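These notes concern the structure reproduced below.
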Amino acid sequence: MSRYLYYPGCSMDGSGRAYGESLTAVCEKLGLTLAEIDDWNCCGATEYVGVSLSPAYSLIARNLAIASKAKTDGEPLVAACSACYLNLAKADSYMKERPQLGERVNVALNAGGLHYDPGAVEIRHLLEVIMNDVGLDQVRANVVKPLAGLRVAPYLGCMLPRPDPDHRWKNHERPDDLDRLLEALGADVVDFPLKTECCGGHMTQIAPKVGLELIKRLVDEAEHHLADMMVTVCPMCQINIDAYQGEMNAEFHTKHKMPIVFFTQLMGVAFGLDQKKMGIGRELTDARPALKKIGKELQAVAVEAGAAHRPRPDKRALPMPRMDDEAPAGEARQ
Amino acid sequence: MVMTDVSRPPAASPSLDFLGEVSARTAGVSRLEMCIQCGTCGGSCPSADAMDHTPRMLFAMIRAGMKEDALRSNTPWMCVSCYHCVVRCPQGVHIADVMYALKCMAAQSKSYRDATPPGFAGVFVGQVETFGRSWELGLTARHYLRHYILRLPRMTPMAIGLFLRGRIGILPHRIKQREQLHAILSRAEELERLS
């Protein structure tokens, strides 16, 4: 059993409840002990840092101080929400990078009897822990119901692979970690080009046109690749694409019905755990019809999706470089 | 003989320490002075369309001391914090954190033109200060009533759907040590004002 400290973040028992429920069950199955830190507070999301610098970082550092006290044997602090993860990692890294900020934060923490030495706690995201500490072999060993027949678009969003203050990601724009995990579960994984594009974050709340446009780009693209559902690692991405899809459809006169679930929910399903206990059904755009495809033959059209749905080249357009297998029949090949 | 400097435009009075001021309020080391005006940031930005100035232009304005214009620009408020520009910037400028610094400065001097984004941040922060946790229902209800009353009809089915699926907490969660948190945050705010 490996022990980790756990920072759930506010959405885990609210809008991201399905994430919290499924990750608890999946981690138990994988032998990861998550010890929730005591009396943690909100990380401030992307709001507090845009209001006042020192209070914003002191708010985050209170959690780090609590975690460093709770540490018994160098356990890392794990967060599953991308924004929480990034805030914790950034606070730790910037307190080092700008010692003046570090000092100010510690003066503030001192008013509450706390202290945090930057670097004292290792901060990690759950996906990265599963990929690196558990490993895909262990994941495969737990799969009892492979997700064959389910076509999924892996969607990481922004804040996990970028800006990556601790240099954990080899590729910041097109990492394949979530792809490989979903493949290990047996799913048919779409090579989703927008996998680290932004869902708009809080834009649905402050500039709806901008936010809905960003959501539309993602859903359009997932649909274009004939994905049955999108799979995410972040509660913000999930609620934007799931709950605001209706408003997006109204805004752009579209009829998209693209479900989006958390990767831990699909892990649970593949591990043979009860779908309902994995929070399946809590999404507004129902994922259950798509999950029924599991175990059935892939539809031929889905296999051909990439080629069949690519727009036809415009004859008047300038010639574009072409891959060999795309060359029309009869054309001389070199 | 007194030499008159004719090279300076007469209208604006540039504040020449503005670059330093922004850098001082940026979380990490901003590296703003390293910007080579290549425009990679604007070209990588998913919301550049909605911005008054691309990040590159905004950084030129900051270096030119155009404080008032820079703080009135909607650019920082349209930044979605996706960090595409940050990982692509050849000079390692902490672009997203500079945007946060500009938001803080614009919010404190009330230089913004649209009150919606700072309004949302204000309600969010107010709740976190009070409860120690964010409270999605209270936040959205208050924000929509104040800024988006016409959007409410479209939002109602969503809110009901989320509620029926157990995704909305009716009451806020409160942390135990709220007094400790308040002490930390007020001390931090004092330090921020002194800086």
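Here is the naming used below: chain letters follow the sequence lines, and residue numbers restart at 1 for every chain. From a predicted model like this one, the values you see are computed outputs, not experimental measurements.
A donor-acceptor pair is defined here as one N or O able to donate and one able to accept, closer than 3.5 Å; such a pair exists between the side chain of B:Arg133 and the backbone of A:Trp40.
Between A:Ala207 and B:Tyr148 the shortest heavy-atom distance is N-OH, 3.7 Å. Taking each heavy atom of B:Val86 and A:Pro163 in turn, the nearest pair found is CG1-CB, 4.1 Å. Residue B:Glu192 comes nearest to A:Ser52 through the heavy atom pair CG-OG, 3.4 Å, listed as atom of the first residue, atom of the second, then distance. Considering all non-hydrogen atoms of both residues, B:Ser23 and A:Arg98 come closest at O-NH1, 3.5 Å. Closest of all the heavy-atom pairs between B:Arg151 and A:Pro208 is NH1-CG, 3.3 Å. The shortest heavy-atom contact between B:Val128 and A:Cys42 is CG2-SG, 3.7 Å.
Neither the backbone nor the side chain of B:Ser186 comes within contact range of chain A; no heavy atom of the residue lies under 4.5 Å from a heavy atom of that chain. Proximity to chain A is absent for every atom of B:Met99, based on heavy atoms less than 4.5 angstrom apart. Using a 4.5 Å cut-off between heavy atoms, A:Leu284 touches chain B through backbone and side chain atoms alike. With a 4.5 angstrom heavy-atom cutoff, A:Ile239 touches chain B via backbone and side-chain atoms both. Neither the backbone nor the side chain of A:Ser93 comes within less than 4.5 Å of any heavy atom of chain B. At a 4.5 Å heavy-atom cutoff, the contact between A:Val49 and chain B is made by backbone and side-chain atoms alike. When heavy atoms are compared at a cutoff of 4.5 Å, A:Tyr57 approaches chain B solely by way of its side chain, counted from C-beta outward. Heavy-atom distances place no part of B:Phe131 under 4.5 Å from chain A, backbone and side chain included. Looking at A:Lys96, neither its backbone nor its side chain comes within 4.5 Å of chain B, counting heavy atoms on both sides. Looking at A:Arg162, both its backbone and its side chain come within 4.5 Å of chain B, counting heavy atoms on both sides.
Taking non-hydrogen atoms and a 4.5 Å limit, the residue list of residues 100-112 of chain A in contact with chain B, ordered by number, reads A:Leu101, A:Arg104, A:Val107, A:Ala108, A:Leu109, A:Ala111, A:Gly112.
Of the residues considered (B:Arg154, B:Glu179, B:His84), B:His84 shows the highest number of contacts with chain A, using heavy-atom pairs under 4.5 Å. Looking only at heavy-atom pairs under 4.5 Å with chain A, the residue among B:Lys103, B:Lys176, B:Met78 that has the most is B:Lys176. Between chain A and the residues B:Arg88, B:Glu190, B:His182, the most heavy-atom pairs under 4.5 angstrom are made by B:Arg88. Among A:Ala250, A:Gly279, A:Gly246, the residue making the largest number of heavy-atom pairs under 4.5 Å with chain B is A:Ala250. Heavy-atom pairs under 4.5 Å with chain B peak, among A:Met95, A:Arg282, A:Met159, at A:Arg282. Each of B:Gly166, B:Ala159, B:Ser81 has some count of heavy-atom pairs under 4.5 Å with chain A, and the biggest count is that of B:Gly166. Note on B:Leu162, B:Thr140, B:Val87: by heavy-atom pairs under 4.5 Å with chain A, the leading option is B:Val87. For chain A, the option among B:Ala188, B:Ala101, B:Ser47, B:Gly161 with the highest count of heavy-atom pairs below 4.5 Å is B:Ala188.
In this pair, B:His94 and A:Tyr94 present their aromatic rings tilted. The plane angle is within the 30 to 60° band.
Judged by distance alone, the side chains of B:Gln180 and A:Arg62 do bring a donor and an acceptor atom under 3.5 Å apart. For the residue pair A:Ser15/B:Glu136, the side-chain donor-acceptor check at 3.5 Å is satisfied.
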### Task
Would you check, one step at a time, whether the test salt bridge (charged side-chain N to carboxylate O under 4.0 Å, His left out) holds for B:Arg167 with A:Asp242?
CA-CA 12 Å; B:Arg167 292 174 64 182; A:Asp242 181 36; 2.9 Å; yes

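Enclosure of atom CD in A:Glu97 by more than 12 non-hydrogen atoms of other residues, nucleotides or ligands within 6.0 angstrom is indicated.
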